[in-house]
Undergrad: 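Sharing a structure, written as structure tokens. Questions coming.
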Number of protein chains: 2
Amino acid sequence: MSDTVEKLMDAAESGIRLRGYHAVSFRDLAEELGIKSSSVHYYFRQKEDLGIALVERYAERFFAALDAKASKAKTPEDRIRAFARTYRDALTGSDRICLCGMLGAESCGLPSTLSDAAAEFLQANVDWVAKTLSGTMKPKARKRRAAHIVATLQGAMILASSLKDYSIYDSAVQDLLAA
Amino acid sequence: MSDTVEKLMDAAESGIRLRGYHAVSFRDLAEELGIKSSSVHYYFRQKEDLGIALVERYAERFFAALDAKASKAKTPEDRIRAFARTYRDALTGSDRICLCGMLGAESCGLPSTLSDAAAEFLQANVDWVAKTLSGTMKPKARKRRAAHIVATLQGAMILASSLKDYSIYDSAVQDLLAA
DNA sequence: GCGCATATACCTACAGATAGATTGGCTCTG
DNA sequence: CAGAGCCAATCTATCTGTAGGTATATGCGC
């Protein structure tokens, strides 16, 4: 992957996670890189294509980071903690909410391929947590707990970002994992 | 408040909660009401003014509905349940996420007066929950629990909306309030 | 080592649509 | 007649997306 594509995707991901899909334009991205907007179209024919590429890259990186952390964990509880830490690293490393949390919120206003991609990431998150909890809980309780955990992490990011107080994320997660 | 203003605000609130602030335009709103976009500017000089009016109306209605439900509750636990139900009614009554959850997510891309208004609503939510928990917990634990509760509800709405499965909201909340 | 094709990585220029916003004026009602 | 409510016309800025061109590099047959 060329340097320009990488920088383009970095700028786009950052913009969407901060301000939303519709607040990011090819022109702004181009300007940030010192190129023309038509050159952005050279790499991504449509904005939708860029969005999907971003979700794919994001999902890859997220699950790679998650696996790296979770594989060291001994207990299911520790693996859930690794999950929360992976979310937290994304937040504190950049002060940005989750890409797919943002796209999930905007989903009704997105091209359906893109909202589907974001939904897939979120579902994969819930599934990962549910799978990780297996052995410790019954299926129904596990499903509820998984939804709860992912919802809390996504919501806590938005809360922290809106209130400009990132300790809120830690507060919410501490209480979530206290039980 | 005239009929047109009301309808305008309804359409705008619905659009923002479904698709986000930047995906809603004066032209679309006007078209939905069968008037011209210049007439929308007659009622709201700038888009920002419309946004702020929406948050104010939303907050008023939310806390009115919340107080009506919570005043009937006997225990702190029941009041928290009333809080979750108020959120849920907003979601299931319209299949839309919270207005201020959406604006909170987009906050970095909004006029600061608007993102401040959204943040104020979210903070008021956290404060309400924290206040309601007083007597049952110590201050620090209360603060954490309040952040946790609001984060979960906001996140659960987004999850449900993105996955197009509103039972996810109930799952998350059931697990949240089980303890 | 030369000529030619092809690919990469941009560019200029622009189309067509849409954004938010303004000005001035019409019409109806009290 | 005054004001509320609305529209026509228009401005400027910006959006996504397209068409076609240019400079440079790379590979390939001869």
Side-chain angles (χ1 to χ4, degrees), chain A residues 1-55 57 102-103 106-115 117-118, chain B residues 1-55 57 102-103 106-115 117-118:
Chain A
M1 198 146 14
S2 88
D3 197 48
T4 303
V5 176
E6 197 107 359
K7 282 183 189 162
L8 214 43
M9 292 177 74
D10 290 346
E13 182 185 319
S14 165
I16 293 177
R17 289 173 62 185
L18 279 174
R19 301 184 301 277
Y21 182 78
H22 295 292
V24 168
S25 77
F26 275 32
R27 267 185 162 73
D28 291 344
L29 294 177
E31 203 161 330
E32 197 172 329
L33 296 218
I35 61 175
K36 297 292 164 180
S37 75
S38 50
S39 302
V40 180
H41 280 283
Y42 168 73
Y43 295 105
F44 300 98
R45 207 164 185 288
Q46 301 180 86
K47 195 178 175 183
E48 183 179 345
D49 298 333
L50 169 58
I52 290 170
L54 286 179
V55 171
R57 189 183 74 163
M102 178 68 89
L103 296 177
E106 293 178 298
S107 60
C108 297
L110 300 177
S112 62
T113 52
L114 184 53
S115 62
Chain B
M1 197 142 19
S2 89
D3 196 48
T4 303
V5 175
E6 197 105 358
K7 282 182 189 161
L8 213 43
M9 291 178 75
D10 289 345
E13 182 185 318
S14 164
I16 293 177
R17 290 173 62 186
L18 278 174
R19 303 185 300 277
Y21 182 79
H22 295 292
V24 168
S25 77
F26 275 33
R27 272 183 161 72
D28 291 344
L29 294 177
E31 204 162 329
E32 197 172 328
L33 295 219
I35 60 174
K36 296 294 164 179
S37 77
S38 48
S39 303
V40 180
H41 280 281
Y42 169 75
Y43 293 104
F44 300 98
R45 208 163 183 290
Q46 302 179 86
K47 195 177 176 184
E48 183 178 345
D49 299 333
L50 169 58
I52 291 172
L54 286 179
V55 172
R57 189 184 73 164
M102 178 67 90
L103 295 176
E106 293 180 298
S107 60
C108 296
L110 300 177
S112 62
T113 51
L114 184 53
S115 63

Undergrad: Strictly below 4.0 Å: does A:Gln46 bring a side-chain N or O up to OP1 or OP2 of D:dG17?
TA: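 True: A:Gln46 side-chain N/O within range (under 4.0 Å) of D:dG17 OP1/OP2.
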
Undergrad: Calculate the interatomic distance between A:His41 atom NE2 and D:dA19 atom P; express it in whole Å.
TA: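 Going from NE2 in A:His41 over to P in D:dA19 covers 12 Å.
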
Undergrad: Is any side-chain heavy atom of A:Lys7 closer than 4.5 Å to one of A:Glu32?
TA: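 When only atoms from C-beta onward are counted, A:Lys7 and A:Glu32 do not touch, as no gap falls below 4.5 Å.
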
Undergrad: I'd like a table of atom pairs between the protein and nucleotides 8-12 of chain D - only N or O on both sides, under 3.5 Å - with the distance next to each one.
TA:
unit_1 : atom_1 : unit_2  : atom_2 : d
D:dA8  : N6     : B:Ser38 : OG     : 3.2

Undergrad: How many whole angstroms separate atom CG of A:Leu8 from atom P of C:dA9?
TA: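 About 12 Å, once rounded to whole Å.
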
Undergrad: Just the rounded figure in Å: distance from C1' of D:dG5 to CG of B:Asp3.
TA: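 After rounding, the reported distance stands at 13 Å.
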
Undergrad: Could you check whether B:Asp28 gets within reach of a base, just the sugar-phosphate, or nothing at all, counting any heavy atom under 4.0 Å?
TA: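 Sugar-phosphate contact only - B:Asp28 comes under 4.0 Å of backbone atoms but never of a base.
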
Undergrad: Starting at atom NZ of B:Lys47, determine the distance to atom C1' of D:dA13, rounded to an integer number of angstrom.
TA: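 Taking NZ of B:Lys47 and C1' of D:dA13, I get 14 Å after rounding.
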
Undergrad: How close or far is atom P of D:dC7 from atom CZ of B:Phe26, stated in whole angstroms?
TA: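 To the nearest whole Å, that distance equals 15 Å.
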
Undergrad: OP1 or OP2 of D:dG5 sitting under 4.0 Å from any side-chain N/O of B:Tyr42?
TA: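 Result: yes.
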
Undergrad: To the nearest Å, how far apart are B:Leu50 CG and C:dA21 P?
TA: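 So the two atoms are 10 Å apart, to the nearest Å.
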
Undergrad: On the nucleotide C:dC10, are OP1 or OP2 found under 4.0 Å from the side-chain N or O atoms that A:Tyr43 carries?
TA: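 A:Tyr43 to C:dC10 OP1/OP2: side-chain N or O found under 4.0 Å.
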
Undergrad: Just how far, in rounded Å, is P of D:dC7 from CD of B:Glu31?
TA: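 Rounded to the whole Å, the gap is 12 Å.
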
Undergrad: Please determine whether a side-chain nitrogen or oxygen atom of B:Ser25 lies at a distance below 4.0 Å from atom OP1 or OP2 of C:dT18.
TA: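 For C:dT18, OP1/OP2 do not have a side-chain N/O of B:Ser25 under 4.0 Å.
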
Undergrad: Hey, does the side chain of A:Ser39 come within less than 4.0 Å of C:dC11's phosphate (OP1/OP2), counting only N and O?
TA: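 Yes, because at least one side-chain N or O of A:Ser39 sits under 4.0 Å from OP1 or OP2 of C:dC11.
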
Undergrad: Quick one, A:Leu110 and A:Glu48 - any side-chain contact, counting heavy atoms below 4.5 Å?
TA: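 Side-chain contact under 4.5 Å: no.
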
Undergrad: Would you say B:Arg45 places a side-chain N or O within less than 4.0 Å of OP1 or OP2 belonging to C:dG20?
TA: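 Answer no for this pair, as no side-chain N or O of B:Arg45 is under 4.0 Å from OP1 or OP2.
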
Undergrad: Give one of base, sugar-phosphate or nothing for A:Val40, where a contact means two heavy atoms less than 4.0 Å apart.
TA: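 A:Val40: no heavy atom of the nucleic acid under 4.0 Å.
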
Undergrad: For the residue pair B:Asp10 and B:Arg57, establish whether any side-chain heavy-atom pair is separated by less than 4.5 Å.
TA: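 Yes; the side chains approach each other to less than 4.5 Å.
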
Undergrad: State, with a plain yes or no, whether a side-chain heavy atom of B:Met102 is found less than 4.5 Å away from one of B:Tyr21.
TA: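 Not touching, per the 4.5 Å side-chain cut-off.
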
Undergrad: Using modelled atom types only, decide if a donor and an acceptor are shared between the side chain of B:His22 and the backbone of B:Glu106 within a distance under 3.5 Å.
TA: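 Pair absent, no side-chain N/O of B:His22 close to backbone of B:Glu106.
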
Undergrad: Within this structure, what is the CG-to-C1' distance between B:Leu29 and C:dA19, rounded to whole angstrom?
TA: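 From B:Leu29 CG to C:dA19 C1': 12 Å.
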
Undergrad: For the residue pair A:Met9 and A:Leu50, what are the closest heavy atoms and their distance?
TA: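 For A:Met9 versus A:Leu50, the nearest heavy atoms are CG-CD1, 4.4 Å.
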
Undergrad: Can you find a pair of side-chain heavy atoms, one from B:Val5 and one from B:Phe44, that are under 4.5 Å apart?
TA: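 When only atoms from C-beta onward are counted, B:Phe44 and B:Val5 do touch, with a gap below 4.5 Å.
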
